[in-house]
Engineer: 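What follows is a single structure, and I will ask about it in a moment.
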Amino acid sequence: MQKLFELIGQVVAGLGFELVTVEGSPRGQLLRVFIDIARGVTVDDCEAVSNQLTRVFEVENIDFGRLEVSSPGLDRPLVKPADFERFAGADIRLRTRIPIGNQRNFTGVLKGLRDGAVVIDTGKGEFPVAFDDVEKARLVPKF
């Protein structure tokens, strides 16, 4: 899966987009690719990336049942260390791999990345979470 992720990342970056994440179904029947760009992702962007990936997959002989290309949505996942820097100041939900003080789920304001730790202010103080201990993190949409 890592080689596929790298290949998709190269194609997406070559088209001027950021690869947020890739999800696959257990038997490879569905491949979901989430892309982003500062101006926001349009349907035409998704179509362009989908067409290019389909061509690359044919050349590379990568078998998949269905390909979906989408924006990450308002509740964008935070995956890479750069994401935690870029979205500092935003409200997030964070789940840890191991409990911190008998708690695995945190909601608060992202303060950024400090010394390899994601720092979140929950209103009860700032909590540093080692980047490798973050299981899942997402933006909390504001309406």
Engineer: Shared ILVMFWY cluster between L15 and I62, side chains joined below 4.5 angstrom?
Structural biologist: yes
Engineer: Ignoring hydrogens and angles, write down the donor-acceptor pairs under 3.5 Å from the side chains of residues 69-76, residues two or more places apart or on other chains.
Structural biologist:
from	atom 1	to	atom 2	distance (Å)
S71	OG	G73	N	3.4
R76	NE	D36	OD2	2.9
R76	NH2	E18	OE1	3.1
R76	NH2	E18	OE2	2.9

Engineer: Using the rule that two of Ile, Leu, Val, Met, Phe, Trp, Tyr join whenever any of their side-chain heavy atoms come within less than 4.5 Å, decide whether I100 and I120 are in one cluster.
Structural biologist: yes
Engineer: Using side-chain heavy atoms (C-beta onward) and a distance below 4.5 Å, is N105 in contact with L94?
Structural biologist: no
Engineer: Among residues two or more places apart or on two chains, list those pairs meeting ring-ring contact (aromatic ring centres under 6.0 Å, His included) that have a residue in residues 5-24.
Structural biologist: none
Engineer: Using the rule that two of Ile, Leu, Val, Met, Phe, Trp, Tyr join whenever any of their side-chain heavy atoms come within less than 4.5 Å, decide whether V109 and V118 are in one cluster.
Structural biologist: no
Engineer: State, with a plain yes or no, whether a side-chain heavy atom of L78 is found less than 4.5 Å away from one of L110.
Structural biologist: yes
Engineer: How close do L19 and V12 get, counting heavy atoms only, and between which atoms?
Structural biologist: N-CG1, 3.8 Å
Engineer: Please name the pair of heavy atoms, one in C46 and one in V41, separated by the smallest distance, quoted to 0.1 Å.
Structural biologist: SG-CG1, 3.6 Å
Engineer: Spell out, yes or no, whether V22 and I37 are grouped together once hydrophobic residues are joined by side-chain heavy atoms under 4.5 Å, including indirect joins.
Structural biologist: yes
Engineer: Please enumerate all residues that pass ring pair (Phe, Tyr, Trp, His ring centres under 6.0 Å) together with F57, with sequence neighbours excluded.
Structural biologist: F64
Engineer: By side chain to side chain contact (heavy atoms under 4.5 Å, CB included), which residues pair with Q103, not counting sequence neighbours?
Structural biologist: F106
Engineer: Where do L113 and P81 come nearest, in terms of heavy atoms and distance?
Structural biologist: CD2-CB, 3.6 Å
Engineer: Given salt bridge (charged side-chain N to carboxylate O under 4.0 Å, His left out), test D45 with R39 step by step and report yes or no.
Structural biologist: CA-CA 11 Å; D45 295 335; R39 63 169 164 72; 2.8 Å; yes
Engineer: Below 3.5 Å, can you tabulate the donor-acceptor pairs from side chains in residues 47-54 to any protein atom, sequence neighbours excluded?
Structural biologist:
from	atom 1	to	atom 2	distance (Å)
N51	ND2	E47	O	3.3
Q52	OE1	R55	NH1	3.2
T54	OG1	S50	O	2.8

Engineer: Holding to side-chain hydrogen bond (donor to acceptor under 3.5 Å, both in side chains), I want the full list of residues that pass it with T107, two or more places apart in sequence or in another chain.
Structural biologist: none
Engineer: Any idea which heavy atoms bring P77 and T21 closest together, and the distance?
Structural biologist: CG-CG2, 4.5 Å
Engineer: What are the two closest non-hydrogen atoms of V79 and D83, and how far apart are they?
Structural biologist: N-OD2, 2.8 Å
Engineer: Taking the side chain as every heavy atom from C-beta outward, state whether R66 and L31 have any pair of such atoms under 4.5 Å apart.
Structural biologist: no
Engineer: Same cluster or not: F87 versus F34, using hydrophobic residues (I, L, V, M, F, W, Y) connected whenever any side-chain heavy atoms lie under 4.5 Å apart?
Structural biologist: no
Engineer: Can you give each donor-acceptor pair under 3.5 Å made by side-chain atoms of residues 124-136, sequence neighbours left out, with the distance rounded to 0.1 Å?
Structural biologist:
from	atom 1	to	atom 2	distance (Å)
E126	OE1	R114	NH1	3.0
E135	OE1	R104	NH2	2.8
E135	OE2	R95	NE	3.3

Engineer: Which residues pass the salt bridge (charged side-chain N to carboxylate O under 4.0 Å, His left out) test with R32, not counting sequence neighbours?
Structural biologist: E23, E68
